[in-house]
Each structure stands twice: as C-alpha cells, then as structure tokens.
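All remarks here apply to the structure that follows.
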Amino acid sequence: QVQLVESGGGLVQAGGSLRLSCAASGRTFTTYAMGWFRQAPGKGRDFVAAISWGGSITNYADSVKGRFTISRGNAKNTVYLQMNSLKPEDTAVYYCAVDSTVRRLYELGTPNYWGQGTQVTVSS
C-alpha cells in the first residue's frame, strides 16, 4: 500500500505563486514516476505535470507550460509543483499521483495511486 500526502494548497490572487508538495510512503515500484492532476468543480480530473524517477523526463499540460515547474526531491519520494503566474482558471483540487512511468501518467490518466487532494483557489 502506498500513501501520498499533499500540502501547500491555499488561496492566492491572480498572478501569484504557490508551491505544492507531495510525499510518498509505503511499498511501491522500485522506481516510479510522480505527477499532478487537477479537478475543477463540475469537471473531470485532468493531467497537469509528471516527472520521472531520476528527474530527467518531465511532461506538462499545454495550459501550464511556462508557468508551472515540477521537480523531485533528493529522497526521490517527494515531488513538488511550483505554480507561478496563477490564473483563476487554475482553481481546482490538485492531486498527487504515482505510476511506473511518465508516459503512463499523461497517456492513461489512471495512476496506480492517488493522494487525497489539496485545494488551490485563485481569485481574480
């Protein structure tokens, strides 16, 4: 069983920044990719960004390219999402996710494990 715990959400004005964190614990693959999805009210859960085990491979949704940066901690079991130039349309619950590869995260959108989610609200 794998547990993912997110933190760092909150309320911010448009143009501001937030940094989300996620820590994984428990048994998982030997190496694994981590990523972020988000779900706005009344909408489906969408891919945001993903990063490989070593950090050399990343992938971003077009809507966040150039504004969000995903990174991995030295301990490999943590992932961060630095969100800059936030817009009201970025308002959503953000979920951390784990799967074996970056490709599986952004192509399949059905990770092996999900976090509980953290709310991000961007006011105009």
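As the structure is a prediction and not an experimental result, all values here were calculated from the model. Count residues from 1 along the sequence.
At least one side-chain heavy atom of Cys22 sits under 4.5 Å from a side-chain heavy atom of Met34.
Linking Ile, Leu, Val, Met, Phe, Trp and Tyr whenever their side-chain heavy atoms come within less than 4.5 Å puts Leu18 and Tyr60 in one cluster. Follow the hydrophobic side-chain contacts under 4.5 Å out from Val102 and you never reach Ile70; the two are in separate clusters. Under the 4.5 Å side-chain heavy-atom criterion for grouping Ile, Leu, Val, Met, Phe, Trp and Tyr, Val79 is connected to Val120 within one hydrophobic cluster. By the criterion of side-chain heavy atoms lying less than 4.5 angstrom apart, applied directly or through intervening Ile, Leu, Val, Met, Phe, Trp or Tyr residues, Ile51 is not grouped with Tyr106; the two fall into different hydrophobic clusters. One hydrophobic cluster holds both Val12 and Phe68 under the rule that ILVMFWY side chains link at heavy-atom gaps under 4.5 Å.
In this structure, CD in Glu107 is found 11.5 Å from CG in Asp99, a value given to the nearest 0.5 Å. Between the CH2 atom of Trp53 and the NZ atom of Lys76 there is a distance of 7.0 Å, given to the nearest 0.5 Å. Note that the CZ atom of Arg67 and the OG atom of Ser85 stand 7.0 Å from one another [nearest 0.5 Å]. Residue Cys96 holds its SG atom at 12.0 Å from CD of Gln3, rounded to the nearest 0.5 Å. For the atom pair CG of Asp46 and OG of Ser63, the computed distance is 7.5 Å after rounding to the nearest 0.5 Å. Atom NZ of Lys87 and atom OG of Ser124 lie 14.0 Å apart (nearest 0.5 Å).
In this structure, Asn77 contributes its side chain and Ala24 its backbone to a donor-acceptor pair below 3.5 Å. Judged purely by atom type and a 3.5 angstrom limit, Ser52 uses its side chain to pair as donor or acceptor with the backbone of Ile57. Looking at Glu6, its side chain does come within 3.5 Å of a backbone N or O of Gln116 through a donor-acceptor pair. Judged purely by atom type and a 3.5 angstrom limit, Ser21 has no side-chain atom pairing as donor or acceptor with the backbone of Ser7.
Of the options Leu105, Leu4, Asn112, a side chain to side chain contact (heavy atoms under 4.5 Å, CB included) to Val98 is made by Leu4 and by none of the others. Partner of Val48 under the side chain to side chain contact (heavy atoms under 4.5 Å, CB included) criterion, chosen from Leu20, Val64, Asp90: Val64.
Aromatic ring centres of Trp114 and Phe37: separated by under 6.0 Å.
Judged by the 6.0 Å distance and 45° axis criteria, Arg38 is not positioned over the aromatic ring of Tyr95. Relative to the ring axis of Tyr32, Arg72 places its NZ or CZ within 45° and under 6.0 Å from the centre.
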**Request:** Given side chain to side chain contact (heavy atoms under 4.5 Å, CB included), test Leu11 with Gln119 step by step and report yes or no.
**Result:** CA-CA 8 Å; Leu11 173 64; Gln119 177 70 48; over 6 Å; no
**Message:** Walk me through whether Ser17 and Gln82 qualify under side chain to side chain contact (heavy atoms under 4.5 Å, CB included).
**Reply:** CA-CA 7 Å; Ser17 299; Gln82 178 66 44; 3.9 Å; yes
**Request:** Take Lys65 and Asp62, measure what salt bridge (charged side-chain N to carboxylate O under 4.0 Å, His left out) needs, and give me the verdict at the end.
**Result:** CA-CA 5 Å; Lys65 281 181 181 176; Asp62 288 342; 3.1 Å; yes
